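Since this is a predicted model, take the numbers as computed values, not measurements.
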Amino acid sequence: MKAIVISAHGGPEVLTLTELPDPVPAEGEVLIRVEAFGLNHAEAYMRSGAWGKVAAVPGIECAGVVEADPSGELAAGTRVVAILGGMGRTRNGSYAELVTVPATNVVAVRSTLDWAGLAAVPEVYATAWSGLFGNLDLRPGETVLVRGATSSLGQAAVNLAVDHGATVLATTRNPRRTPLLKELGATDVLIDDGALAAQVAERGIGVDAVLDVVGNSVLRDSLALVRPRGRVCQVGFLGGFEPVRDFDPISAIPIVCRLCFFGSAFVLGTPAFPLTDVPLDEIYAKVEAGVLRARPTRVFRFDEIVEAHRTMESGEALGKMVVTLG
């Protein structure tokens, strides 16, 4: 099979197209013929060496058809999406014509979206849904602030929260991206200068929950901007991996504020966090109907992977990008 491998840790140019033996599914795995895969910042971190030793073939999600399922649960030819399950980290990932994935991380889909449309959804929407409704328990009528909202994960969160009936505050560092977030349904857009708590206080806004895609670099500020008994869920590290220095929970976490973290790579597909809990079919139906704006902003060919990673790291994608193999 054709596959893209990390030839050495480094920039996008280390991604190399090569030939590898076809994988064979073991018991509890599904062999998928990959038709398209989404691009994720996690794959750039793996490629660069920021996450240490990883599998040779990157890629943490895909859309495709079942080639073989030893259990017989999924018939050959079934359209599926697959997320995580160690892909790209502890086992070869989806940047390939074929990939084996734990059966717990594969779901059949009924959507009629094309392959690029299918591949634009799984990872970001599963993560956003889990953070908003699993961790934050967001309810209609509440006010949620999505920090890092122009990222593909942030946009998915804005989409889902607006559809759920929440009031959404979205943040960006670039004022030129305000119209994009307004079009997604954000009630207001705040320009993130690292001190959002002051902006929220000046406007007299009561924030019930924060979904933070930026991460450690703004954690203290995110905690400071929620109302009493508010909730903060960190789901990303767009601001970098540097630990929060001198973090004292007693002084840093407001009284009766809930802080949590959702790391999809570590839990999705486990017995405690089954992938079937995420309503992917419902999400796909809303994408088809135009209720959720989740179409890819750019589609690359398999042999354009270096350009795709360069575009992703430039910060100019303004949404989810995908690669197709057809």
Side-chain angles (χ1 to χ4, degrees), residues 121 124-172 177-215 218-236 238 249 252-264 267-268 273 277-280 282-283 285-287 289 291-294:
V121 168
V124 289
Y125 274 83
T127 300
W129 188 91
S130 299
L132 287 170
F133 307 121
N135 285 44
L136 290 175
D137 190 25
L138 185 67
R139 294 179 286 275
E142 289 191 313
T143 296
V144 60
L145 185 144
V146 179
R147 194 161 198 167
T150 54
S151 65
S152 57
L153 174 53
Q155 289 187 43
V158 172
N159 263 325
L160 290 172
V162 169
D163 180 61
H164 191 61
T167 297
V168 179
L169 306 178
T171 80
T172 177
R177 296 178 180 174
T178 296
L180 166 66
L181 298 173
K182 288 279 193 177
E183 288 171 11
L184 291 176
T187 300
D188 202 356
V189 177
L190 305 181
I191 306 306
D192 196 343
D193 57 0
L196 289 179
Q199 294 188 46
V200 167
E202 288 171 5
R203 298 182 185 211
I205 303 171
V207 176
D208 299 293
V210 175
L211 191 80
D212 192 337
V213 188
V214 179
V218 295
L219 178 60
R220 282 191 172 91
D221 188 54
S222 291
L223 288 167
L225 66 84
V226 291
R227 64 164 178 77
R229 296 183 176 81
R231 296 99 69 196
V232 176
C233 179
Q234 184 171 316
V235 293
L238 292 180
I253 301 177
I255 295 175
V256 294
C257 171
R258 287 164 41 194
L259 169 64
C260 60
F261 168 71
F262 184 79
S264 58
V267 297
L268 271 181
F273 296 89
D277 279 358
V278 181
L280 283 173
E282 179 183 334
I283 289 169
K286 289 183 176 182
V287 174
V291 176
L292 299 177
R293 293 182 51 181

To the nearest 0.5 Å, how far apart are [atom1] in [X] and [atom2] in [Y]?
X      : Y      : atom1 : atom2 : result
Phe273 : Leu268 : CZ    : CG    : 8.5 Å
Tyr125 : Leu153 : OH    : CG    : 10.0 Å
Leu138 : Arg231 : CG    : CZ    : 6.5 Å
Asp193 : Gln199 : CG    : CD    : 5.0 Å
Cys233 : Leu211 : SG    : CG    : 5.5 Å
Leu190 : Thr172 : CG    : OG1   : 10.5 Å

Problem set entry | Pairs where residues 143-168 contributes a residue and the test salt bridge (Lys or Arg N to Asp or Glu O under 4.0 Å) is met, not counting sequence neighbours |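 Applying salt bridge (Lys or Arg N to Asp or Glu O under 4.0 Å) to every pair that reaches into residues 143-168, excluding sequence neighbours, yields Arg147-Asp192, Arg147-Asp221, Asp163-Lys286.
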Quick check: closest heavy atoms across [X] and [Y], and the distance to 0.1 Å?
X      : Y      : value
Ala294 : Val287 : CB-CG2, 3.7 Å
Leu160 : Trp129 : CD1-N, 3.6 Å
Val158 : Ala149 : CG2-CB, 4.0 Å

Only counting residues at least two apart or in another chain, list the ones meeting salt bridge (Lys or Arg N to Asp or Glu O under 4.0 Å) with [X].
X      : answer
Asp137 : Arg139
Asp277 : none
Glu202 : none

Problem set entry | pair Arg229-Arg258: side-chain heavy atoms closer than 4.5 Å |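 Heavy-atom side-chain distance check fails, nothing below 4.5 Å.
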Exercise. Taking C-beta and beyond as the side chain, do Ile283 and Leu292 meet within less than 4.5 Å on heavy atoms?
Worked result: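 Sidechains of Leu292 and Ile283: in contact.
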Exercise. Between Asp188 and Arg203, is there a side-chain N and carboxylate O pair less than 4.0 Å apart?
Worked result: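 Salt bridge between Asp188 and Arg203, a charged N being under 4.0 Å from a carboxylate O: yes.
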Problem set entry | By side-chain contact (heavy atoms from CB on, under 4.5 Å) - contacts of Val207 (at least two apart) |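 Leu145, Leu169, Val200, Ile205, Val210, Leu225, Val226.
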Exercise. What residues, two or more places apart in sequence or in another chain, satisfy side-chain contact (heavy atoms from CB on, under 4.5 Å) together with Gln234?
Worked result: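 side-chain contact (heavy atoms from CB on, under 4.5 Å) check on Gln234 returns Asn216, Leu219, Phe237, Phe261.
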Keeping [X] on the side-chain end and [Y] on the backbone end, is there a donor-acceptor pair under 3.5 Å?
X      : Y      : result
Glu142 : Ala166 : no
Ser151 : Gly148 : yes
Lys182 : Val189 : no

For this session: Please report the C-alpha distance between Val144 and Thr167 in whole Å, then the side-chain angles of each, then the deciding distance to 0.1 Å, and finally whether the side-chain contact (heavy atoms from CB on, under 4.5 Å) criterion is met.
Result: CA-CA 6 Å; Val144 60; Thr167 297; over 6 Å; no
Exercise. Under the side-chain contact (heavy atoms from CB on, under 4.5 Å) criterion, do Leu259 and Leu223 qualify, and how do the steps go?
Worked result: CA-CA 8 Å; Leu259 169 64; Leu223 288 167; 4.1 Å; yes
Problem set entry | Ser130/Val278 under side-chain contact (heavy atoms from CB on, under 4.5 Å): CA gap, chis, key distance, verdict | CA-CA 7 Å; Ser130 299; Val278 181; 4.1 Å; yes
For this session: Would you please test Asn159 and Leu184 for side-chain contact (heavy atoms from CB on, under 4.5 Å) and show each step?
Result: CA-CA 6 Å; Asn159 263 325; Leu184 291 176; 4.0 Å; yes
For this session: Determine the sole option in Val168, Leu181, Val162 for which the side-chain contact (heavy atoms from CB on, under 4.5 Å) test with Val146 is passed.
Result: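 Between Val146 and the candidates, side-chain contact (heavy atoms from CB on, under 4.5 Å) is satisfied uniquely by Val168.
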